[in-house]
Amino acid sequence: MALFRRKQEPRPDLSDIILPEHIGIIMDGNGRWAKKRGLPRSAGHTAGAQTFRKIARYCSNIGIRYLTVYAFSTENWRRPEDEVGALMKLFKEYLEEAIRDFKDDSIVLRFIGDRSAFSDELVALMQENEAESMDRPGMVLNIAMNYGGRDELVHAVRGIAADVERGALEPEAIDEAVISSHLYTRGQPDPDLIIRPSGEYRTSNFLLWQSAYSEYVIMDILWPDFKESDLDYALIEYAKRNRRFGGV
Ligand code: FPP
């Protein structure tokens with residue numbers, strides 16, 4: 001059952017619950033949100049980008065250490081050209097704004113995914129944002145762009161094969177830690193909680209390796225409508241879960 005939050009419910013108190021260290025969010029439902037209003041899909045993405053800004057800041061304020069958002073998948077290139085163009089424009093706007101306006105913000109920006117498909121301008125903005133923010137003390141915000149879990153594993157396997165070929169690694173020494181160290185999220189903890197708004201029950205190629213023991217919370221709400229209080233409810237739901245990691 002997807003979680004559905006009733007409008008009049010009081011805001012829960014988060015002070016007594018165990019918060020996840022790492023949250024992943026599949027920002028889904030922008031297209032449906034726009035369709036319901038008779039707007040083009042790009043309007044849904046614009047609204048979704050505003051929700052992203054609000055929720056990222058909220059996660060940072062409540063003490064979440066890592067947040068990974070799924071902004072563009074390796075499969076999203078199949079969308080109509082104008083929709084892809086609108087998304088690229090939103091990414092550029094956000095990255096320019098982050099460089100310009102977030103100097104005093106404590107958030108560390110990281111981009112996960114294959115950058116080779118993006119324009120030189122966008123890649124330069126990603127690098128600039130990462131370099132500018134890397135020493136900040138706060139939450140790590142991973143933005144997954146041209147990201148696919150399978151694609152990430154292909155890159156990891158190629159990297160490991162290259163290490164073996166140049167004699168830096170014995171095949172017998174390949175273990176889970178070696179694989180994790182070749183992923184875009186190397187050095188970061190796996191996500192504890194993955195939130196999927198819009199009511200779909202799919203992983204959609206998001207953090208395939210890293211989500212082996214993540215708790216999923218599916219919510220019947222479209223991403224542009226997602227509010228801080230919806231995140232609170234996902235956190236409460238997460239806190240109720242009994243995580244066993246394969247044990248008893
Ligand atoms: C999925 O909803 C959403 C996307 C493919 C794009 C997500 C992008 C944003 C939220 C905006 C930009 C982000 C940043 C980092 C500035 P959908 O279009 O598949 O929705 P649908 O399932 O209702 O069609």
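When a ligand or atom number is given, it counts from 1 through the structure's own listing order. We number each residue from 1, following the sequence as shown.
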Atoms of ligand 1 less than 4.0 Å from [X] heavy atoms?
X	answer
F91	12 (C), 13 (C), 14 (C)
A71	6 (C), 7 (C), 8 (C)
A49	11 (C), 12 (C)

Any carboxylate oxygen within less than 4.0 angstrom of a Lys/Arg side-chain nitrogen, looking at [X] and [Y]?
X	Y	answer
E200	R32	yes
E83	R41	yes
E130	R115	yes
R100	E96	no

Students should be able to answer this: which protein heavy-atom is nearest to [atom], and at what distance?
atom	result
atom 22 (O) of ligand 1	R32 NH2, 2.9 Å
atom 16 (C) of ligand 1	Y94 CB, 3.7 Å
atom 3 (C) of ligand 1	M27 O, 3.1 Å
atom 5 (C) of ligand 1	N76 OD1, 3.5 Å
atom 9 (C) of ligand 1	N30 ND2, 3.8 Å
atom 4 (C) of ligand 1	H45 CE1, 3.9 Å
atom 15 (C) of ligand 1	F52 CE2, 3.6 Å

- For this output row, return yes or no: ring centroids of Y94 and F52 closer than 6.0 angstrom. yes
- Task: Indicate whether the side chain of D192 and that of Y66 have a donor and an acceptor atom separated by less than 3.5 Å.
- Result: no
- Message: I'd like to know if the side chain of Q210 pairs up with that of E152 as donor and acceptor (distance under 3.5 Å, no hydrogens or angles considered).
- Response: yes
- Query: For ligand 1, does R79 get within less than 4.0 Å through its side chain, its backbone, both, or neither, judged by non-hydrogen atoms?
  - Reply: side chain
- Note on the structure: Honestly, for R41 the part within reach of ligand 1 (heavy atoms, under 4.0 Å) is side chain
- Task: Looking only at distances, please establish whether an N/O atom of ligand 1 is found under 3.5 Å from an N/O atom of W33.
- Result: no
- Item | N/O separation below 3.5 Å, E83 to ligand 1 | no
- Name all residues meeting the ring pair (Phe, Tyr, Trp, His ring centres under 6.0 Å) criterion together with F226; count only those two or more places apart in sequence or in a different chain, and write none if there are none. W223
- Note on the structure: In D225, D220, N30, D28, the residue satisfying side-chain hydrogen bond (donor to acceptor under 3.5 Å, both in side chains) with S198 is D28
